[in-house]
Amino acid sequence: MTTTFEPTSTTDNAGAVDSFTVTVQVRRYQPEFHEEGYWESWTVEMHGTDRVLDALHKIKWELDGSLTFRRSCAHGICGSDAMRINGVNRLACKVLLKDLDTSKPITVEAIKGLPVEKDMIVDMEPFFQSYREIMPFLIADESKEPTRERLQSAEAREAFDDTTKCILCAACTSSCPVFWTDGQYFGPAAIVNAHRFIFDDRDEGGDMRLEVLNDKEGVWRCRTTFNCTDACPRGIQVTKAIAEVKQAILARNI
Amino acid sequence: MSAQQLNIAAPRSGDIDPKYLRQSASSSSNREMFKWLFMRISGPILLVLIFVHLFSNLMVGDGVHGLNFGLVAGKWASPLWQIWDLTMLWLAMIHGTIGVGTIIDDYTSKDRTRVGFKVALYLASVAIIVLGTLVIFTFEPCMTDAAGNLMDNSPSFCFNQ
Ligand code: HEM
Ligand code: SF4
Ligand code: FES
């Protein structure tokens, strides 16, 4: 016996999506050919469901294979494609073209404050070095090692829930004007990830992390501009997390 | 648990190109913390000091038109205003110096430029704090000219002597 499934309703143009042309203006840096960076624009036909990343793909795959950028998951999870889109840090894979003003060129640049290597590729090492320095792993007292999992109450978990969401995209750190002028500053992302462990009641390395962030280049460099909170694609209250770490250092020392 | 008890190396430490290492290893002083705290404590105090100062100089009595040598001389004859202005001087100067120091850190990239500006800033601040303090405490309200006559606009109490 065969069964055929019929859709309950059909429309001739079901699934048709508006298409439009959009100009993408990219800040290019190709050190093999040009010492200086320069702007290059392409105009492409895109659909209402497309994101900035799709436009970059179209350019790279169909128009200019030398265009260089990082991306992996294309779904806002891996954190590889943070870039400056129309002057603000966003993940290219999370910005829909139709949400931007497509009557004007959409500018795409590398994130600021980290050394640019090629087009949108920056050297992320200084960023990850700060991340390493705050010791982003559970530090537990071995003498108190439990024989089963370390239980935690829902309230205790809530204290650092927000900062567990970080995907290390560097959108926050590279949006921070303090970081732009002082590349030694730990930056919001390192503080967010320190927060994740400092306020975890199973962790015992909080004092060490607070000590690290009490540095000349630590939390006190923060001037509360909120650029980081605005940039975070995960919606983490970055500035609030930094303020909580400041309070924790104050409480510990006074 | 104290910081000394545990000594855990960060992953890949020792395996990092030295150009990525932070220049200031943790100074373990609370200098930056106290600077930050000072800005937050002195700010609100300055808010009160400055607005009462502006109000008493510009609004009370004849307002702006009453503002002259005599008014200032008269205020500094009172210990309350001496302390008021002294606190305002010190807090504003230290607050402003820390603030401008931060801005110098922001805008200078070479060490030499930074140190140059900072030295100039600290010298200027110390000079103004010292001179200001000296003036508040050694102020002579009843000044006379070469002929021994009281200056115009002298505060009223000078004429009763
Ligand atoms: C009227 C009351 C005042 C309040 C409430 C106040 C508050 C503050 C605070 C909280 C900061 C730190 C900002 C940060 O770290 O991000 C600051 C910075 C600063 N303040 Fe004040 N302040 C006041 C008056 C003054 C005065 C009288 C001066 C000048 C003598 C001054 C000069 C500065 C400077 C130069 C900075 C550095 C700005 C920066 O970090 O970008 N402030 N102020
Ligand atoms: S805090 Fe947000 S913006 Fe910063 S690195 Fe993490 S996910 Fe990216
Ligand atoms: S490509 Fe993975 S977050 Fe955008």
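Note on naming: letters A, B, ... go to the chains in the order of the sequence lines (proteins, then strands), and numbering restarts at 1 for each one.
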Using non-hydrogen atoms and a 4.5 Å limit, figure out which bit of [X] sits close to chain B: side chain, backbone, both or neither.
X	value
Tyr185(A)	backbone
Arg209(A)	neither
Phe186(A)	both

So for atom [atom1], which belongs to [X], do other residues, nucleotides or ligands contribute more than 12 heavy atoms lying within a distance under 6.0 Å?
X	atom1	value
Arg112(B)	CZ	no
Phe38(B)	CZ	yes
His34(A)	NE2	yes
Lys165(A)	NZ	yes
Glu35(A)	CD	no
Phe117(B)	CZ	no
Trp90(B)	CH2	no

With a 4.5 Å heavy-atom cut-off, do [X] and [Y] have their side chains touching?
X	Y	result
Leu250(A)	Trp36(B)	yes
Arg223(A)	Thr102(B)	yes
Met33(B)	Ile254(A)	yes

All heavy atoms of Thr181(A) vs all of Asp106(B), minimum pair found to be CB-O, 3.3 Å
| query | Is it true that Asp105(B) and Lys216(A) make a salt bridge, defined as a side-chain N closer than 4.0 Å to a carboxylate O? | reply | no
Of Asp182(A), Ile249(A), Asn253(A), the largest count of non-hydrogen pairs under 4.5 angstrom with chain B goes to Asn253(A)
